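Because only heavy atoms are used, hydrogens play no part in the values below, and waters and symmetry mates are left out as well, while side chains stay in. Whatever order the structure lists ligands and atoms in, that order sets their numbers, starting from 1. What you are looking at is a predicted structure, and each value in this text was computed from that prediction instead of being measured.
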Amino acid sequence: MKIISSQQGPYLTIGTKKYLNLCSNNYLGLAGDQRLKDAAISAIGKYGVGTASVRALVGTNDLHVELERKLAAFKKTEECLVLTSGYLANLAAVQTFLDKEDIVVSDELNHASIIDAVKLAQVENKFIYKHNDIHDLENKFDDICLIRNKPKSTGDKRKVLVVTDGVFSMDGDVAKLPELVEVCKGAMEFSIMVDDAHGEGVLGSHGRGIVDHFELHGQVDIEVGTLSKAFGVLGGFICGSKEIIENLKARARQFLFTNALSIPDTAALIAAVDILQESDELVKKLWTNADLLKKGLKESGFDIGVSTTPITPIMVGDEELAVKFSEELFEEGILVSAIKFPMVAKGKARLRLIPSASHEIKDLEMGMEKIVKVGKSLKVI
Ligand SMILES: *Cc1c(COP(=O)(O)O)cnc(C)c1O
């Protein structure tokens with residue numbers, strides 16, 4: 001691991017050198033935003049730093065309640081529960097909503113935390129459909145319904161939960177949520193869960209995420225998000241109906257048996273949600289930067305894959321070549337991570353660039369110049 005000794009921003013200090021940072025998930029630049037820092041510092045003055053207990057035991061801090069209320073309003077859902085990571089939010093959502101006799105249906109490229117969540121929930125009936133392939137999903141409906149029609153040992157009806165990432169983190173493509181809702185709701189009455197980790201702060205008006213982007217409010221039962229990417233701090237959350245959130249508060253082990261978000265984290269996050277609620281300036285700047293980067297790389301001859309979001313892969317193929325590309329860029333002062341097996345399939349190695357609203361045009365132009373230089377010398381283009 002490289003040792004970073006500066007705040008997250010367009011440039012990072014590693015050792016004695018400054019590097020252009022083209023790979024953090026700090027989409028909106030909020031990780032180093034003065035308003036978030038001020039909110040954290042002033043909350044520490046009033047409340048200290050730690051919460052010193054799980055919320056359900058001693059009591060919940062009013063900052064947690066405020067953050068949840070503001071997040072629910074921002075996402076236009078009934079209620080919200082905040083946890084200490086997006087990873088835990090996925091575990092909590094799946095494990096609490098389903099028991100082992102229920103049915104889960106998952107996109108083959110879903111995030112590792114969803115895969116772990118399904119394992120933890122010990123769901124016996126698992127269906128995996130081809131990536132973003134609604135036709136393949138529909139082909140499984142007969143088998144799903146065959147199982148569903150048999151009641152559980154308790155006599156209850158089996159639930160069916162269809163789970164997908166909103167934005168797929170390695171390719172930057174977006175789940176076909178409108179089609180998914182169309183085939184899974186209505187007669188089928190399946191429940192839908194979307195993990196919007198790379199959609200929050202990116203898609204939809206003011207960065208409200210994928211549900212807002214497709215105007216599907218009220219159609220997706222469980223929205224999981226992270227507070228560790230565009231929101232710039234740390235944590236995860238689950239948005240949904242009052243019933244779903246109350247059930248989580250009563251039963252989710254990831255809520256009941258582990259501590260709450262710290263005071264500075266929570267206060268900074270309230271500031272982040274306020275900033276997004278008030279203005280879409282940062283989201284617009286992110287997209288302007290992403291468009292500039294993608295257009296520049298494409299025109300230089302790189303294969304930038306199928307992304308329709310700021311996630312910008314440079315497809316390389318060969319594992320060693322991708323690593324070499326990343327290492328030579330580092331020598332040139334550019335930080336870009338190489339992504340290889342097992343994060344993506346063998347032979348699909350790539351660089352993955354993520355621009356931020358904190359970059360200026362000159363930063364991106366300098367970065368692209370170096371990427372083209374190294375890309376040519378390694379014959380990627
Ligand atoms: C990053 C990510 C997570 C995990 O979020 P953390 O807050 O870092 O735990 C979950 N799901 C997806 C799709 C992610 O990209």
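- Taking the six-membered ring where the residue is Trp, the centroids of H111 and Y87 are separated by 6.0 Å or more.
- Considering only residues two or more places apart in sequence or on other chains, F190 meets the ring pair (Phe, Tyr, Trp, His ring centres under 6.0 Å) condition with F141.
- Taking the charged nitrogens against the carboxylate oxygens, K229 and D196 have no contact shorter than 4.0 Å, which rules out a salt bridge.
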Does ligand 1 have any N/O pairs with the protein under 3.5 Å, and how far apart?
| from | atom 1 | to | atom 2 | distance (Å) |
| --- | --- | --- | --- | --- |
| ligand 1 | 7 (O) | G86 | N | 2.8 |
| ligand 1 | 7 (O) | T226 | OG1 | 2.6 |
| ligand 1 | 7 (O) | S228 | OG | 2.6 |
| ligand 1 | 9 (O) | G86 | N | 3.1 |
| ligand 1 | 9 (O) | Y87 | N | 2.9 |
| ligand 1 | 11 (N) | H111 | ND1 | 3.3 |
| ligand 1 | 11 (N) | D195 | OD2 | 2.5 |
| ligand 1 | 15 (O) | H198 | NE2 | 3.2 |
| ligand 1 | 15 (O) | K229 | NZ | 2.6 |

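- Listed by chain and residue number, R350 satisfy the salt bridge (Lys or Arg N to Asp or Glu O under 4.0 Å) test with D171 (two or more places apart in sequence, or in another chain).
- I339 belongs to a hydrophobic cluster whose other members, connected by ILVMFWY side-chain contacts under 4.5 Å either directly or through intermediates, are M170, M343, V344.
- Classification of the Y27-H198 ring pair by plane angle, with boundaries at 30° and 60°, yields perpendicular.
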